[in-house]
Amino acid sequence: QVHLQQSGPGLVKPSQTLSLTCAISGDSVSSNGAAWNWIRQSPSRGLEWLARTYYRSEWFNDYALSVKSRITINPDTSKNQFSLQLNSVTPEDTAVYYCARDRYGDYDDIFDIWGQGTVVTVSS
Amino acid sequence: DNVMTQSPLSLPVTLGQPASISCRSSQSLVFRDGNTYLNWFQQRPGQSPRRLIYNVSNRDSGVPDRFSGSGSGTDFELKISRVEAEDVGVYYCMQGTHWPRTFGQGTKVEIK
(Lines give C-alpha, C1' and ligand atoms only; values in the text may rest on other atoms or scores of the structure.)
Protein backbone atom coordinates (compact mmCIF):
# COMPACT_ATOMS: atom_id res chain seq x y z
CA GLN A 1 0.00 0.00 0.00
CA VAL A 2 1.43 3.35 -1.05
CA HIS A 3 1.67 6.13 1.53
CA LEU A 4 2.93 9.69 1.19
CA GLN A 5 4.07 11.44 4.38
CA GLN A 6 4.66 15.17 4.23
CA SER A 7 6.88 17.21 6.53
CA GLY A 8 8.05 20.78 6.80
CA PRO A 9 7.47 24.05 8.66
CA GLY A 10 4.03 25.60 8.83
CA LEU A 11 5.23 29.20 9.09
CA VAL A 12 7.55 30.98 6.66
CA LYS A 13 8.54 34.66 6.69
CA PRO A 14 7.94 36.82 3.61
CA SER A 15 10.85 36.79 1.11
CA GLN A 16 12.20 33.54 2.56
CA THR A 17 12.10 29.98 1.16
CA LEU A 18 9.32 27.48 1.72
CA SER A 19 10.68 23.91 1.93
CA LEU A 20 8.57 20.75 2.15
CA THR A 21 9.34 17.04 1.86
CA CYS A 22 7.19 14.10 0.81
CA ALA A 23 8.42 10.68 1.94
CA ILE A 24 7.25 7.70 -0.11
CA SER A 25 6.49 4.22 1.18
CA GLY A 26 5.23 1.36 -0.96
CA ASP A 27 6.63 2.80 -4.20
CA SER A 28 9.89 4.32 -5.47
CA VAL A 29 10.63 7.92 -6.38
CA SER A 30 12.74 6.57 -9.26
CA SER A 31 10.06 4.20 -10.59
CA ASN A 32 9.78 4.31 -14.38
CA GLY A 33 6.03 4.00 -14.02
CA ALA A 34 5.36 6.90 -11.66
CA ALA A 35 5.63 10.65 -11.30
CA TRP A 36 5.55 12.80 -8.19
CA ASN A 37 3.68 16.08 -7.86
CA TRP A 38 3.18 19.10 -5.64
CA ILE A 39 -0.24 20.77 -5.55
CA ARG A 40 -1.50 23.59 -3.37
CA GLN A 41 -4.93 24.78 -2.27
CA SER A 42 -5.97 28.24 -1.19
CA PRO A 43 -9.32 30.07 -1.02
CA SER A 44 -8.21 32.53 -3.69
CA ARG A 45 -6.63 30.11 -6.19
CA GLY A 46 -8.42 26.83 -5.46
CA LEU A 47 -6.47 23.65 -6.25
CA GLU A 48 -3.36 24.49 -8.27
CA TRP A 49 -0.82 22.02 -9.66
CA LEU A 50 2.73 23.32 -9.09
CA ALA A 51 5.39 20.81 -10.11
CA ARG A 52 6.19 17.25 -11.15
CA THR A 53 9.33 15.08 -11.14
CA TYR A 54 9.82 11.69 -12.76
CA TYR A 55 12.54 9.31 -13.87
CA ARG A 56 12.72 7.83 -17.35
CA SER A 57 16.40 6.85 -17.63
CA GLU A 58 17.08 10.43 -16.53
CA TRP A 59 15.23 12.91 -14.34
CA PHE A 60 12.62 15.28 -15.72
CA ASN A 61 10.88 18.17 -13.96
CA ASP A 62 7.84 20.21 -14.99
CA TYR A 63 6.68 23.45 -13.38
CA ALA A 64 3.61 25.66 -13.44
CA LEU A 65 4.29 28.94 -15.26
CA SER A 66 2.84 30.91 -12.35
CA VAL A 67 5.74 29.87 -10.07
CA LYS A 68 8.38 28.66 -12.53
CA SER A 69 10.93 31.36 -11.66
CA ARG A 70 10.75 30.56 -7.92
CA ILE A 71 10.20 26.81 -7.61
CA THR A 72 12.36 23.69 -7.51
CA ILE A 73 11.30 20.07 -7.14
CA ASN A 74 14.02 17.57 -6.22
CA PRO A 75 13.99 13.79 -5.91
CA ASP A 76 16.10 12.17 -3.21
CA THR A 77 16.69 8.53 -4.11
CA SER A 78 18.70 7.78 -0.95
CA LYS A 79 15.67 8.59 1.23
CA ASN A 80 12.96 7.70 -1.31
CA GLN A 81 11.38 11.11 -1.10
CA PHE A 82 11.02 14.36 -3.03
CA SER A 83 11.00 17.95 -1.98
CA LEU A 84 9.57 21.32 -2.87
CA GLN A 85 11.37 24.64 -2.55
CA LEU A 86 9.54 27.88 -3.25
CA ASN A 87 11.66 31.01 -3.04
CA SER A 88 10.80 34.63 -2.28
CA VAL A 89 7.43 33.77 -0.76
CA THR A 90 4.69 36.32 -0.19
CA PRO A 91 1.42 36.07 1.73
CA GLU A 92 -0.17 34.92 -1.56
CA ASP A 93 1.77 31.65 -1.16
CA THR A 94 -0.18 30.88 2.01
CA ALA A 95 -1.95 27.60 1.26
CA VAL A 96 -2.29 23.93 2.07
CA TYR A 97 0.40 22.08 0.12
CA TYR A 98 -0.09 18.48 -0.99
CA CYS A 99 2.12 15.89 -2.65
CA ALA A 100 0.49 13.37 -4.98
CA ARG A 101 1.42 10.48 -7.25
CA ASP A 102 0.80 9.69 -10.90
CA ARG A 103 1.14 6.21 -12.35
CA TYR A 104 1.75 5.46 -16.00
CA GLY A 105 0.94 2.29 -17.87
CA ASP A 106 -1.76 1.61 -20.43
CA TYR A 107 -3.12 5.02 -19.49
CA ASP A 108 -2.12 7.98 -17.29
CA ASP A 109 -3.34 7.39 -13.74
CA ILE A 110 -3.33 10.93 -12.38
CA PHE A 111 -3.24 11.94 -8.69
CA ASP A 112 -4.29 8.54 -7.39
CA ILE A 113 -2.58 8.94 -3.99
CA TRP A 114 -2.24 12.13 -1.91
CA GLY A 115 -0.25 13.16 1.12
CA GLN A 116 -1.92 14.45 4.25
CA GLY A 117 -1.34 18.10 3.42
CA THR A 118 0.75 20.79 5.12
CA VAL A 119 -0.72 24.14 6.08
CA VAL A 120 1.85 26.82 5.25
CA THR A 121 1.36 30.40 6.38
CA VAL A 122 3.55 33.19 5.05
CA SER A 123 3.73 35.86 7.73
CA SER A 124 6.29 37.88 9.64
CA ASP B 1 -4.82 27.15 -19.35
CA ASN B 2 -7.77 24.85 -19.83
CA VAL B 3 -10.67 26.11 -17.70
CA MET B 4 -12.89 23.68 -15.81
CA THR B 5 -16.29 25.06 -14.78
CA GLN B 6 -18.46 23.24 -12.27
CA SER B 7 -22.12 23.74 -11.44
CA PRO B 8 -23.72 24.17 -9.08
CA LEU B 9 -21.16 25.50 -6.60
CA SER B 10 -23.43 24.62 -3.69
CA LEU B 11 -25.70 21.58 -3.57
CA PRO B 12 -28.03 21.01 -0.60
CA VAL B 13 -29.44 17.49 -0.79
CA THR B 14 -31.82 15.35 1.21
CA LEU B 15 -30.46 12.09 2.61
CA GLY B 16 -31.34 9.20 0.33
CA GLN B 17 -31.99 11.46 -2.66
CA PRO B 18 -29.85 11.65 -5.79
CA ALA B 19 -27.36 14.42 -6.54
CA SER B 20 -25.64 15.50 -9.71
CA ILE B 21 -22.66 17.77 -10.40
CA SER B 22 -21.76 19.12 -13.82
CA CYS B 23 -18.27 19.89 -15.09
CA ARG B 24 -17.54 21.63 -18.36
CA SER B 25 -14.12 21.99 -20.00
CA SER B 26 -13.07 24.88 -22.22
CA GLN B 27 -11.49 22.34 -24.62
CA SER B 28 -12.16 18.75 -25.54
CA LEU B 29 -10.51 16.36 -23.07
CA VAL B 30 -9.92 13.55 -25.56
CA PHE B 31 -6.16 12.92 -25.58
CA ARG B 32 -4.17 11.71 -28.58
CA ASP B 33 -3.96 8.24 -26.98
CA GLY B 34 -7.77 7.99 -27.15
CA ASN B 35 -8.28 8.35 -23.41
CA THR B 36 -10.23 11.17 -21.77
CA TYR B 37 -8.42 12.33 -18.65
CA LEU B 38 -11.23 13.62 -16.49
CA ASN B 39 -11.13 12.73 -12.80
CA TRP B 40 -13.41 13.46 -9.85
CA PHE B 41 -12.19 14.04 -6.30
CA GLN B 42 -13.99 14.20 -2.97
CA GLN B 43 -12.63 16.37 -0.17
CA ARG B 44 -14.25 15.83 3.20
CA PRO B 45 -13.85 18.57 5.82
CA GLY B 46 -10.28 18.68 7.13
CA GLN B 47 -9.03 15.96 4.77
CA SER B 48 -6.93 15.69 1.64
CA PRO B 49 -8.70 15.23 -1.68
CA ARG B 50 -9.49 11.62 -2.45
CA ARG B 51 -9.92 10.39 -6.00
CA LEU B 52 -13.31 8.81 -6.68
CA ILE B 53 -13.45 8.49 -10.46
CA TYR B 54 -10.72 8.39 -13.10
CA ASN B 55 -10.92 8.65 -16.88
CA VAL B 56 -14.56 9.82 -16.81
CA SER B 57 -16.28 6.74 -15.45
CA ASN B 58 -13.91 4.35 -13.63
CA ARG B 59 -14.46 4.10 -9.89
CA ASP B 60 -11.38 3.87 -7.68
CA SER B 61 -10.99 0.91 -5.36
CA GLY B 62 -13.23 1.18 -2.30
CA VAL B 63 -15.52 3.85 -3.78
CA PRO B 64 -19.18 2.98 -3.24
CA ASP B 65 -21.14 2.14 -6.37
CA ARG B 66 -23.61 4.95 -5.65
CA PHE B 67 -20.96 7.20 -7.24
CA SER B 68 -20.84 7.22 -11.04
CA GLY B 69 -19.22 9.38 -13.68
CA SER B 70 -20.23 10.00 -17.27
CA GLY B 71 -19.70 12.36 -20.16
CA SER B 72 -17.50 12.96 -23.17
CA GLY B 73 -15.63 15.70 -24.99
CA THR B 74 -16.23 18.81 -22.91
CA ASP B 75 -19.21 17.90 -20.70
CA PHE B 76 -19.08 15.59 -17.72
CA GLU B 77 -21.21 14.64 -14.75
CA LEU B 78 -20.78 13.05 -11.35
CA LYS B 79 -23.85 11.40 -9.91
CA ILE B 80 -24.57 10.15 -6.42
CA SER B 81 -27.56 7.83 -6.62
CA ARG B 82 -28.58 8.12 -2.96
CA VAL B 83 -26.75 10.64 -0.82
CA GLU B 84 -25.49 9.47 2.56
CA ALA B 85 -24.24 11.59 5.46
CA GLU B 86 -20.62 10.62 4.77
CA ASP B 87 -20.86 12.18 1.28
CA VAL B 88 -20.79 15.71 2.73
CA GLY B 89 -17.81 17.63 1.39
CA VAL B 90 -16.50 19.41 -1.69
CA TYR B 91 -16.25 17.66 -5.05
CA TYR B 92 -13.76 18.67 -7.73
CA CYS B 93 -13.35 17.71 -11.34
CA MET B 94 -9.85 17.77 -12.79
CA GLN B 95 -8.50 17.44 -16.31
CA GLY B 96 -5.21 15.78 -17.16
CA THR B 97 -5.35 16.04 -20.94
CA HIS B 98 -3.93 19.55 -21.34
CA TRP B 99 -0.92 21.06 -19.52
CA PRO B 100 -1.04 22.28 -16.91
CA ARG B 101 -3.55 20.05 -15.18
CA THR B 102 -6.42 22.12 -13.88
CA PHE B 103 -9.25 21.70 -11.39
CA GLY B 104 -12.80 22.97 -11.22
CA GLN B 105 -13.81 25.43 -8.49
CA GLY B 106 -15.47 22.75 -6.41
CA THR B 107 -19.07 21.91 -5.53
CA LYS B 108 -20.01 21.87 -1.86
CA VAL B 109 -22.46 19.08 -1.02
CA GLU B 110 -24.37 19.50 2.22
CA ILE B 111 -27.38 17.86 3.79
CA LYS B 112 -30.62 19.84 3.90
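In what follows, every chain begins at residue 1, and chains take the letters A, B, ... in the order their sequences are listed. For the numbers below, each heavy atom of this structure counts, side chains included, while hydrogens, waters and symmetry mates do not.
Rounded to the nearest 0.5 angstrom, Ile39(A) CD1 and Ser48(B) OG are separated by 10.0 Å. Note that CG of Leu47(A) and CZ of Phe41(B) are 8.5 Å apart. Values are rounded to the nearest 0.5 Å. Note that CH2 of Trp99(B) and CZ of Arg52(A) are 3.5 Å apart. Values are rounded to the nearest 0.5 Å. To the nearest 0.5 Å, the span separating CG on Asp109(A) from OH on Tyr54(B) amounts to 6.5 Å.
Gln43(B) touches chain A through its side chain: at least one heavy atom from C-beta onward sits under 4.5 Å away, while N, CA, C and O do not. Of the atoms belonging to Asn37(A), it is side-chain heavy atoms, and not backbone ones, that fall under 4.5 Å from chain B. Neither the backbone nor the side chain of Asn58(B) comes within contact range of chain A; no heavy atom of the residue lies under 4.5 Å from a heavy atom of that chain. Within the 4.5 angstrom heavy-atom criterion, atoms from both the backbone and the side chain of Phe111(A) approach chain B.
Cluster membership check: Val109(B) does not share its hydrophobic cluster with Leu9(B), using side-chain heavy-atom separations under 4.5 Å among Ile, Leu, Val, Met, Phe, Trp and Tyr. Following chains of ILVMFWY side-chain contacts shorter than 4.5 Å, one cannot reach Val119(A) starting from Leu20(A), and the two form parts of different hydrophobic clusters. Placement of Leu18(A) and Tyr63(A) within a single hydrophobic cluster is found when ILVMFWY residues are connected by side-chain heavy-atom separations under 4.5 Å, directly or transitively. Tracing side-chain contacts under 4.5 Å through hydrophobic residues (I, L, V, M, F, W, Y), one never reaches Leu78(B) starting from Met94(B); they form parts of separate clusters.
Heavy-atom neighbours of Arg24(B) CZ from other residues, nucleotides or ligands within 6.0 Å: at or below the threshold of 12. Surrounding CZ of Arg82(B) are at most 12 heavy atoms belonging to other residues, nucleotides or ligands under 6.0 Å away. Residue Asp106(A) places its CG atom among 12 or fewer non-hydrogen atoms of other residues, nucleotides or ligands, all under 6.0 Å distant. For CD of Glu86(B), the number of neighbouring non-hydrogen atoms (other residues, nucleotides, ligands) closer than 6.0 Å is greater than 12.
Ion pairing between Arg101(B) and Asp108(A) fails under the 4.0 Å rule for side-chain N and carboxylate O.
A donor-acceptor distance shorter than 3.5 angstrom exists from the side chain of Arg51(B) to the backbone of Ile110(A), with no hydrogens or angles considered.
Ranking Asp33(B), Asp1(B), Asn55(B) against chain A, the residue ahead of the rest is Asn55(B), based on heavy-atom pairs under 4.5 Å. Ranked by non-hydrogen atom pairs under 4.5 Å with chain A, the options Gly96(B), Pro49(B), Pro100(B), Gly106(B) are led by Pro49(B).
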